A.B. asks: 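There's a structure below that I have some questions on.
Reckoned from all heavy atoms, side chains included, excluding hydrogens, waters and symmetry mates. All values derive from a computational prediction rather than experimental measurement. A, B, ... follow the sequence lines: proteins, then strands. Residue 1 opens every chain.
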Number of protein chains: 2
Amino acid sequence: MGRKAIIEGDALMAKLSDMFRRVGYEGATLARLSETTGLKKPSLYHRFPGGKEQMACEVLDDAGRWLATHVLEPLTADGSPRARIEHMASQLDRFYRGGEQACLLNLLSAPLGSDGPFQDRVSAMFEAFIDAIAAVVTEDGIAPAEARLRAERAVAQIQGSLVLSRGLGRTEPFRDALSELPDRLLGQ
Amino acid sequence: MGRKAIIEGDALMAKLSDMFRRVGYEGATLARLSETTGLKKPSLYHRFPGGKEQMACEVLDDAGRWLATHVLEPLTADGSPRARIEHMASQLDRFYRGGEQACLLNLLSAPLGSDGPFQDRVSAMFEAFIDAIAAVVTEDGIAPAEARLRAERAVAQIQGSLVLSRGLGRTEPFRDALSELPDRLLGQ
DNA sequence: GTCTATAGGAAGATAGAC
DNA sequence: GTCTATCTTCCTATAGAC
């Protein structure tokens, strides 16, 4: 029962993800990534031969899997559309730590018109998020085009509330966005 | 009528602002700032003795003045609340180049809980933006607390639509957010 | 699979000539 | 007020011992 000397897979990815979400891609230097994980730089390169870019890609893929498993799949489960959306809101609250953690999709987005190494992953994750929400809204009797519009607006609202929470230094905007989510998606 | 050899105040600030909005604070290296302005690094330091941090501060202040003059002050002008909000939307469309330019307030925000050199400016600008919108909504007969909530949501929607537009590589989310703005603020 | 030590280059910033 | 040349620091990345 001795304490693990070396960080393992899940905890490692969590530490890396934390850093990227806190200071962004450029701000996440190898020195900082090394300090937060307890692994020296050559050890990080041993696990991620592609360096920082590979770390960010794997962190993004990890977040994508968490999103799919804990947020999107439950949207197709049993229960009323409203109950499922409320469940999604509570999962998003965990995902973003009550609004204290920024979104990787914001921090790793390339400038519009260019294409950074993460752009395909980012846009695919946004699309998957929007599609899953739109499906539930459609299921509740809203026309598909209107449902998709509402889903896009909801995703934007969540992203923007995270930006605003960070900018204002308080998490109320994020928590308000979550609480407003069911009515905004299913209203009238 | 000879061409100016050296870039002047307004054009200089525009170039710097462009770069910060495209690649963020860390991505805006002095080499890039030098290339885009046509001024060598020592010339930039001559004009901004505080270096990159001062450049970002002045760019932020510049944006704050533009926001106050072209977006917020017209909100207190003549005309119906709806007409003023529609005018604000068209000014925001210019400000963000139809959704193609990111927002400095997003790119220069410090991690929640810490306080970067721009955090005071960023939160003050967000507050001013929210206050100005809330005042118009209140003027239209909405209770002050509800008006402020709507204003916060609207600012978050705009910010998030910019994030989403960048992530998806298309500007529809931003333009949709602008068109939805009047109804969302003044509805029922 | 981890480490110490270091290479090689780009970063922010400055000295001093013109 | 601009420039060439340079400084120091920090960055990503690797060599090679254990």
Side-chain angles (χ1 to χ4, degrees), chain A residues 2-60 62 104 107-108 110-111 114 116-118, chain B residues 2-60 62 104 107-108 110-111 114-119:
Chain A
R3 188 106 78 76
K4 272 254 178 49
I6 299 300
I7 196 167
E8 48 178 312
D10 280 356
L12 173 59
M13 294 306 288
K15 290 286 192 186
L16 295 177
S17 172
D18 246 52
M19 185 57 68
F20 282 118
R21 288 167 81 168
R22 250 197 10 245
V23 300
Y25 184 74
E26 321 268 2
T29 65
L30 284 173
R32 284 175 180 164
L33 295 167
S34 169
E35 191 188 13
T36 194
T37 59
L39 289 173
K40 302 295 182 187
K41 285 184 273 183
S43 301
L44 285 174
Y45 274 99
H46 179 76
R47 301 184 180 217
F48 305 93
K52 198 166 88 157
E53 188 171 314
Q54 183 182 352
M55 295 183 216
C57 281
E58 293 200 18
V59 159
L60 253 186
D62 223 44
L104 284 173
L107 294 177
L108 297 181
S114 64
F118 320 116
Chain B
R3 187 106 76 78
K4 272 254 178 48
I6 300 299
I7 197 168
E8 48 178 311
D10 279 357
L12 173 59
M13 294 305 289
K15 290 285 192 186
L16 295 178
S17 173
D18 246 52
M19 185 57 68
F20 282 117
R21 289 167 80 167
R22 255 205 354 257
V23 300
Y25 184 73
E26 322 269 2
T29 64
L30 283 172
R32 284 177 180 163
L33 294 167
S34 169
E35 191 189 12
T36 195
T37 59
L39 290 173
K40 302 296 182 186
K41 283 184 276 184
S43 302
L44 286 175
Y45 275 97
H46 179 76
R47 301 182 182 218
F48 305 93
K52 200 166 86 157
E53 189 171 314
Q54 183 182 351
M55 295 182 215
C57 280
E58 293 200 17
V59 159
L60 253 186
D62 222 45
L104 283 174
L107 294 176
L108 297 182
S114 63
D115 45 300
F118 320 117
Q119 202 53 26

A.B. asks: Reading DNA chain C from 5' to 3', where do the contacts with chain B start and stop? Cut-off is 4.0 Å to heavy atoms.
C.D. replies: C:dA11 to C:dA15

A.B. asks: Please report the shortest heavy-atom distance between B:M19 and B:A28, naming the atom on each side.
C.D. replies: CG-CB, 4.0 Å

A.B. asks: Have a look at the helix from C:dG1-D:dC18 to C:dC18-D:dG1 and give the angle its two end axes make, five pairs each, rounded to 10 degrees.
C.D. replies: 0°

A.B. asks: Kindly give the heavy-atom pair with the smallest separation between A:Y45 and A:G51, and that separation in Å.
C.D. replies: CE2-CA, 3.5 Å

A.B. asks: First locate atom OG1 of B:T37, then atom NZ of B:K15, and finally report the distance between them rounded to the nearest 0.5 Å.
C.D. replies: 9.0 Å

A.B. asks: Quick one: which of B:L12, B:L60, B:L44 gives a side-chain contact (heavy atoms from CB on, under 4.5 Å) with B:M55?
C.D. replies: B:L44

A.B. asks: Are any of the side-chain heavy atoms of A:K52 and A:F20 separated by less than 4.5 Å?
C.D. replies: yes

A.B. asks: Is any side-chain heavy atom of B:L108 closer than 4.5 Å to a side-chain heavy atom of B:V59?
C.D. replies: no

A.B. asks: Nearest-Å distance, NZ (A:K52) to P (D:dC11)?
C.D. replies: 9 Å

A.B. asks: Tell me the closest heavy-atom pair linking B:S34 and B:K41, and the distance in Å.
C.D. replies: OG-N, 3.9 Å

A.B. asks: Send over the distance from A:M55 CE to D:dC11 P, rounded to a whole Å.
C.D. replies: 13 Å

A.B. asks: If only side-chain N and O atoms of A:Y45 are considered, is one of them under 4.0 Å from the OP1 or OP2 phosphate oxygen of D:dT14?
C.D. replies: no

A.B. asks: Looking at every heavy atom in both B:A110 and B:G116, which two are closest together, and how far apart are they?
C.D. replies: CB-N, 3.3 Å

A.B. asks: Could you give the CG-to-P distance, from A:L33 to D:dT12, as a whole number of Å?
C.D. replies: 8 Å

A.B. asks: Can you find a heavy atom in the side chain of B:F48 that is under 4.5 Å from one in the side chain of B:E53?
C.D. replies: no

A.B. asks: Can you pull every protein N or O that's under 3.5 Å from an N or O on nucleotides 4-10 of chain D?
C.D. replies:
none

A.B. asks: Using side-chain heavy atoms (C-beta onward) and a distance below 4.5 Å, is A:E58 in contact with A:L16?
C.D. replies: no

